[in-house]
Undergrad: 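Have a look at this one.
Below, all heavy atoms of this structure are taken into account, side chains as well, without hydrogens, waters or symmetry copies.
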Amino acid sequence: MSSAARTTEPLTLAVLISGSGRTLTNLIDLAADGELPVDIRLVISSSVSAGGLKFAEAAGIPTRIIRREDFTPDNAGTQSFGGAIFSACREADVAYVAMAGFLKFAPVPEDFVGRVVNIHPALIPAFSGAGMYGERVHQAAIDAGVKVSGCTVHFVDNEYDHGPIIWQQPVPVFDDDTPDTLAKRIFEVEKEAHPHVLRMLATGRIRLEGNRVKMLKPQRTERPRTASYPID
């Protein structure tokens, strides 16, 4: 157990998911091991079949299913969908909301501005925006011939994959990569980057000033483990 995890007041958190729950599972496991100072009070899924629901239930975390299709398909329905999600977050009395593979657009209300974080499997602003998720992101990176991709953790605003960038970690793109091999390599750094940002939030090291994020100096050296890869 790290000293930071032992001495930091847990960050109260709701996690939004849509699928397998890989990122959620990583957060649950790190918290259980005392390596991540978070108290996950609620998991909200946009799908009844999301695999992450069973991991939340196994960990004793309350769950809610709020589906976009249960609201009208127009902008009023989008606003109502977002309203339902953040109403549940208020009821859970959480300080922050973490999107973890959440694939629906949920408008962020005023009282949650600067309190919602997302992780995207590319270096925003590259390969991001509406429709850019999963394999599509990695195929786009390969098709563009970029030599570096990675992941981005950012504050969420009311545009897809947009908002002040908190943290980015690069990952090399190799000539023989497929979307699957690149996705696997990026997910390994996602497992470090997302918790790293949550630790910084828990210790008050992140300051949002307009559209920029500033990081306060830690009391001790805190850097996520960064995977190294041969470039030749």
Undergrad: Any side-chain donor-acceptor pair under 3.5 Å between Ser47 and Ser49?
TA: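 Checked: Ser47/Ser49 side chains pair up, N/O donor to acceptor below 3.5 Å.
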
Undergrad: Using distance alone, with no hydrogens and no angle criterion, decide if Asn118 and His154 have a side-chain donor and acceptor under 3.5 Å apart.
TA: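 Judged by distance alone, the side chains do pair up.
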
Undergrad: Please find the pair of heavy atoms, one from Ser149 and one from Leu123, that lie closest to each other, and give the distance.
TA: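 In this case the closest contact between Ser149 and Leu123 is O-CD1, 3.4 Å.
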
Undergrad: Hey, quick one: are Ile28 and Val197 part of the same hydrophobic cluster, counting side-chain heavy atoms closer than 4.5 Å, chains of contacts allowed?
TA: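 Yes, because Ile28 and Val197 connect within a single hydrophobic cluster, where side-chain heavy atoms sit under 4.5 Å apart.
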
Undergrad: With rounding to the nearest 0.5 angstrom, report the CD1 to CZ distance, Ile142 to Phe127.
TA: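 So the CD1 of Ile142 and the CZ of Phe127 are separated by 10.0 Å.
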
Undergrad: Report yes if the side chains of Leu11 and Leu198 come closer than 4.5 Å at any heavy-atom pair, otherwise no.
TA: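 Contact flag for Leu11/Leu198 side chains = yes.
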
Undergrad: Is there side-chain contact between Val117 and Val97, with at least one heavy-atom pair below 4.5 Å?
TA: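 The answer is no, as the side chains (C-beta and beyond) never meet within the 4.5 Å cut-off.
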
Undergrad: Assess whether a salt bridge exists between Asp70 and Arg68, defined as any Lys/Arg side-chain N lying under 4.0 Å from an Asp/Glu carboxylate O.
TA: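 Between Arg68 and Asp70 there is no salt bridge, as every charged N stays at least 4.0 Å from the carboxylate O atoms.
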
Undergrad: To the nearest 0.5 Å, how far apart are CZ in Phe174 and CG in Leu182?
TA: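 Atom-to-atom, Phe174:CZ and Leu182:CG are 9.5 Å apart.
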
Undergrad: How are the rings of Phe71 and Phe81 set relative to one another: parallel (under 30°), tilted (30 to 60°) or perpendicular (over 60°)?
TA: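 Correct class here is perpendicular.
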
Undergrad: Would you call Lys147 and Asp175 a salt bridge, taking side-chain N to carboxylate O under 4.0 Å as the test?
TA: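 A salt bridge links Lys147 with Asp175.
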
Undergrad: Would you check if Val137 and Ser128 make a side-chain contact, meaning some heavy-atom pair closer than 4.5 Å?
TA: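 No, side chains not in contact.
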
Undergrad: Work out which heavy atom in Ser20 is nearest to a heavy atom in Phe55; give both atom names and the distance.
TA: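 Scanning both residues, the minimum pair turns out to be O-CE1, 3.4 Å.
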
Undergrad: Count I, L, V, M, F, W, Y as connected when their side-chain heavy atoms are under 4.5 Å apart, and connections chain through other members. Are Met99 and Ile124 then in the same cluster?
TA: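 No; tracing contacts between hydrophobic side chains, which count when under 4.5 Å, never links both residues.
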
Undergrad: Looking only at heavy atoms, what is the nearest atom pair of Ala106 and Asn158, with distance?
TA: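 For Ala106 versus Asn158, the nearest heavy atoms are O-OD1, 4.4 Å.
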
Undergrad: Can you tell me how far CH2 of Trp167 sits from NE2 of His194, rounded to the nearest 0.5 angstrom?
TA: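 Between atom NE2 of His194 and atom CH2 of Trp167 there are 14.0 Å.
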
Undergrad: Which heavy atom of Met132 sits nearest to which heavy atom of Arg136, and what is that distance?
TA: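 Result for this residue pair: CE-O, 4.0 Å.
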
Undergrad: Decide side-chain contact (heavy atoms from CB on, under 4.5 Å) for Val213 and Ile206; before the verdict, give the C-alpha distance in whole Å, the side-chain angles of both, and the deciding distance to 0.1 Å.
TA: CA-CA 7 Å; Val213 172; Ile206 292 176; 3.7 Å; yes

Undergrad: Could you pull out the closest heavy-atom pair between Ala56 and Val43, with the gap in Å?
TA: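 Smallest interatomic distance, heavy atoms only, reads CB-CG2, 3.8 Å.
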
Undergrad: For Thr72 and Asp74, does a side-chain donor sit closer than 3.5 Å to a side-chain acceptor?
TA: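 Distance-only check passes for Thr72 and Asp74.
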
Undergrad: With a 4.5 Å cut-off on side-chain heavy atoms, are Phe187 and Thr23 touching?
TA: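 They are in contact (side-chain heavy atoms under 4.5 Å apart), so the answer is yes.
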
Undergrad: So does Arg207 have more than 12 non-hydrogen atoms from other groups sitting under 6.0 Å from CZ?
TA: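 No, because the 6.0 Å sphere around CZ of Arg207 holds 12 heavy atoms or fewer from other groups.
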
Undergrad: To the nearest 0.5 Å, what is the distance between CD (Glu57) and OG1 (Thr63)?
TA: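 Rounded to the nearest 0.5 Å, the CD-OG1 separation comes to 4.5 Å.
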
Undergrad: Would a single hydrophobic cluster contain both Val146 and Val171, if residues Ile, Leu, Val, Met, Phe, Trp and Tyr are joined by side-chain heavy-atom contacts under 4.5 Å?
TA: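 Val171 clusters together with Val146.
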
Undergrad: Specify the closest pair of heavy atoms between Pro107 and Thr78, including all atoms of both residues, with the distance to one decimal.
TA: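 Minimum heavy-atom separation between Pro107 and Thr78: CD-O, 3.5 Å.
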
Undergrad: Going hydrophobic residue to hydrophobic residue with side-chain gaps under 4.5 angstrom, can you get from Phe155 over to Phe102?
TA: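 No, separate clusters.
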
Undergrad: Should we count CG of Asp143 as having more than 12 external heavy atoms under 6.0 Å?
TA: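 Yes, because the 6.0 Å sphere around CG of Asp143 holds more than 12 heavy atoms from other groups.
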
Undergrad: For the OG1 atom of Thr12 and the OH atom of Tyr96, what is their distance to the nearest 0.5 Å?
TA: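 These two atoms lie 9.5 Å from each other.
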
Undergrad: Can Ser46 and Ser18 be counted as having a side-chain donor-acceptor contact under 3.5 angstrom?
TA: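 Yes, a side-chain donor-acceptor pair sits under 3.5 Å.
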
Undergrad: Please check if the number of heavy atoms outside Tyr133 that lie under 6.0 Å from its OH is greater than 12.
TA: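 Open: at most 12 neighbouring heavy atoms sit under 6.0 Å from OH of Tyr133.
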
Undergrad: Tell me whether the count of non-hydrogen atoms from other residues, nucleotides or ligands lying under 6.0 Å of CZ in Arg64 goes above 12.
TA: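 Not more than 12 within 6.0 Å, no.
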
Undergrad: From the options Glu190, Gln169, Gln168, select the one residue that forms a side chain to side chain donor-acceptor pair (under 3.5 Å) with Thr152.
TA: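 Exactly one option meets the side chain to side chain donor-acceptor pair (under 3.5 Å) with Thr152, and it is Gln168.
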
Undergrad: Do the charged groups of Glu188 and Arg185 touch, with an N to O distance under 4.0 Å?
TA: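 A salt bridge is absent here (no side-chain N lies under 4.0 Å from a carboxylate O).
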
Undergrad: Just how far is it from atom CD1 of Ile186 to atom NZ of Lys184, taken to the nearest 0.5 Å?
TA: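 Going from CD1 on Ile186 over to NZ on Lys184, the span is 13.5 Å.
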
Undergrad: Report yes if some heavy atom in the side chain of Val48 is under 4.5 Å from a heavy atom in the side chain of Arg67; otherwise report no.
TA: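 Side chain of Val48 against side chain of Arg67, heavy atoms only: contact under 4.5 Å found.
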
Undergrad: Between Arg199 and Leu36, is any pair of side-chain heavy atoms under 4.5 Å apart?
TA: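 A side-chain contact under 4.5 Å exists here.
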
